[in-house]
Number of protein chains: 2
Amino acid sequence: MSRAVMPPDVVVRRLPLYARSLRYLLHEGVLSVSSQELGDRINVTAAQIRKDLSYFGEFGKQGIGYDVERLLEQIDQILGLDRSWAVALIGAGQLGEAIVRYEGFRAQGIHIAAVFDANPDKVGKPLGTIVVQHSDSIAQTISARGIEMAIIAVPADRAQGVADVLINAGVRALLSYAPTVLQVPAGVWVRYIDPLSVLHSMTFYLARGE
Amino acid sequence: MSRAVMPPDVVVRRLPLYARSLRYLLHEGVLSVSSQELGDRINVTAAQIRKDLSYFGEFGKQGIGYDVERLLEQIDQILGLDRSWAVALIGAGQLGEAIVRYEGFRAQGIHIAAVFDANPDKVGKPLGTIVVQHSDSIAQTISARGIEMAIIAVPADRAQGVADVLINAGVRALLSYAPTVLQVPAGVWVRYIDPLSVLHSMTFYLARGE
DNA sequence: TAGATTGTTAATCGATTAACAATC
DNA sequence: TAGATTGTTAATCGATTAACAATC
């Protein structure tokens with residue numbers, strides 16, 4: 001369990017799923033869980049869970065399994081969720097509004113700290129509990145407040161420009177809802193939410209009767 | 001290029017990205033593109049694009065590249081996007097509303113054909129251009145209209161129940177926004193939109209300074 | 001023709017799974 | 001103690017990349 005080895009990204013992406021499932025188990029009052037039981041819940045093999053966790057340390061007990069509360073705490077800590085991260089939202093349209101109001105985002109380690117839009121009609125008005133600022137002030141606000149994460153919810157043709165400004169201001173992780181691939185320098189993380197592509201990859205199978 | 005070999009799912013998932021990039025190229029008036037040029041746009045290697053396409057046939061010309069319009073047509077056809085797919089949306093809350101109104105969904109091969117909600121206050125009222133039906137009528141409507149795809153936008157604790165009803169009524173592809181892993185029988189496709197997990201997998205890197 | 005780029009094969013790389021000694 | 005389950009190693013599987021003959 002040499003903690004020096006950087007875990008593959010595919011492993012890091014699974015950790016939040018483990019954490020979520022453990023959170024449900026905790027709510028259900030389950031105290032202990034085996035890799036097999038946890039795997040059954042989220043359709044992952046027991047071996048994979050144990051292997052994944054082994055990148056970060058030893059968390060279980062032979063013959064017993066894992067203490068739900070303790071493992072959850074450990075994973076949250078590994079993911080950096082023992083603190084809260086300020087996230088900027090760019091785009092206060094229909095989508096941005098849904099994101100702000102979506103309660104899920106108010107949970108675990110994430111909070112939307114600033115909202116920006118280029119439309120003067122939106123600027124100065126509250127979206128949920130946050131007053132929308134003009135996009136011209138992105139750089140200044142992000143820098144001043146040391147915000148490191150941002151959600152991009154602007155049209156595709158504006159996404160790259162917004163990303164450039166954000167990165168320049170110090171943002172190091174982007175979640176983009178815009179249907180375009182962003183070019184970013186090394187050291188900046190980008191992930192996409194792309195429901196249309198996901199649907200399109202399923203029509204493939206339906207079109208040929210599975 | 002034996003078309004008999006089923007392409008890996010990871011390849012199928014990339015096809016929509018190729019199609020989208022080609023669509024942008026088409027709008028830009030670009031007539032021909034090489035695997036290298038296409039790859040540069042979407043951060044994929046040229047070899048991967050050529051290999052991916054080879055699962056489905058031969059679409060390029062040596063020394064030249066690919067005809068943008070023709071390749072786009074071919075990929076759309078492979079993905080089953082030469083027709084339009086009726087999709088049911090379950091959940092007419094904040095999220096469901098954003099999904100209905102999101103113009104992206106009105107494009108390429110997908111249209112939302114029915115919306116359901118369990119809240120009597122929402123039933124009978126229009127969401128965008130569609131009148132919300134009660135969740136009790138999911139099975140009947142889906143069966144009667146032969147709908148094969150559905151988007152789940154209900155709270156986590158209702159998602160599995162909704163999935164069960166949908167699958168029973170003949171749905172074979174689910175896109176779920178609910179933060180829970182669904183159990184489905186073989187032959188049913190499920191994909192997830194999970195922005196919170198995505199953010200959580202990036203805090204991992206930020207927390208340790210990349 | 002010379003230059004460019006495909007489609008495909010083989011080599012490499014990486015991720016998943018199986019197996020089992022250690023041990024609770 | 002006997003049974004269960006971990007953490008880890010080795011084997012397997014699958015995906016990506018490199019290389020190049022074919023050919024436009």
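Every heavy atom of this structure was used, including side-chain atoms; hydrogens, water molecules and symmetry mates were not. Just so it is clear: chains get the letters A, B, ... in the order the sequence lines come, proteins before strands, and each one is counted from 1.
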> Roughly how many Å is it from CD1 in B:Ile64 to C1' in C:dG3, rounded to a whole number?
Replying inline: 11 Å
>> If only side-chain N and O atoms count, and only distance matters, is there a donor-acceptor pair under 3.5 Å linking A:Arg41 with A:Ser21?
In response: no
> What integer distance in Å separates A:Leu53:CG from D:dT6:C1'?
Replying inline: 11 Å
> What nucleotide among C:dT6, C:dG7, D:dC24 has an atom nearest to a side-chain atom of B:Ser34?
Replying inline: C:dT6
> When rounded to the nearest 0.5 angstrom, what distance separates CG in A:Leu175 from CG in B:Leu199?
Replying inline: 5.0 Å
>> Rounded to whole Å, please give me the gap between CZ in A:Phe59 and P in C:dT23.
In response: 18 Å
> Can you find a side-chain donor-acceptor pair between A:Gln48 and A:Asp52 that sits under 3.5 Å?
Replying inline: no
> At under 4.0 Å, does any side-chain N or O of B:Tyr66 touch on OP1 or OP2 of D:dC24?
Replying inline: no
>> Is any side-chain heavy atom of B:Arg20 closer than 4.5 Å to one of A:Leu196?
In response: yes
> Please give, in whole Å, the distance from C:dT5 C1' to B:Gln62 CD?
Replying inline: 7 Å
> Do B:Asp164 and B:Gln160 get their side chains close enough for a donor-acceptor pair, meaning under 3.5 Å?
Replying inline: yes
> So, are A:Asp194 and B:Arg13 salt-bridged, with charged N and O less than 4.0 Å apart?
Replying inline: no
> Hey, mind stepping through A:Ile193 and A:Ile151 against side chain to side chain contact (heavy atoms under 4.5 Å, CB included) and telling me if it holds?
Replying inline: CA-CA 10 Å; A:Ile193 296 291; A:Ile151 298 172; over 6 Å; no
> Roughly how bent is the helix from C:dG3-D:dC24 to C:dC24-D:dG3 end to end, in steps of 10 degrees, with each end axis from five pairs?
Replying inline: 20°
>> Whole angstroms only, please: what is the CD-P distance between A:Glu58 and D:dG7?
In response: 6 Å
> Short question: side chain of A:Arg208, backbone of B:Ile78 - any donor-acceptor pair under 3.5 Å?
Replying inline: yes
> Over how many whole Å does the gap from B:Phe56 atom CZ to C:dT8 atom P extend?
Replying inline: 13 Å
> With a 4.5 Å heavy-atom cut-off, do A:Ser32 and A:Ile64 have their side chains touching?
Replying inline: yes
>> Please encode protein proximity along nucleotides 9-20 of chain D as a string of B, S and -, counting only heavy-atom distances under 4.0 Å.
In response: B-----SBBBB-
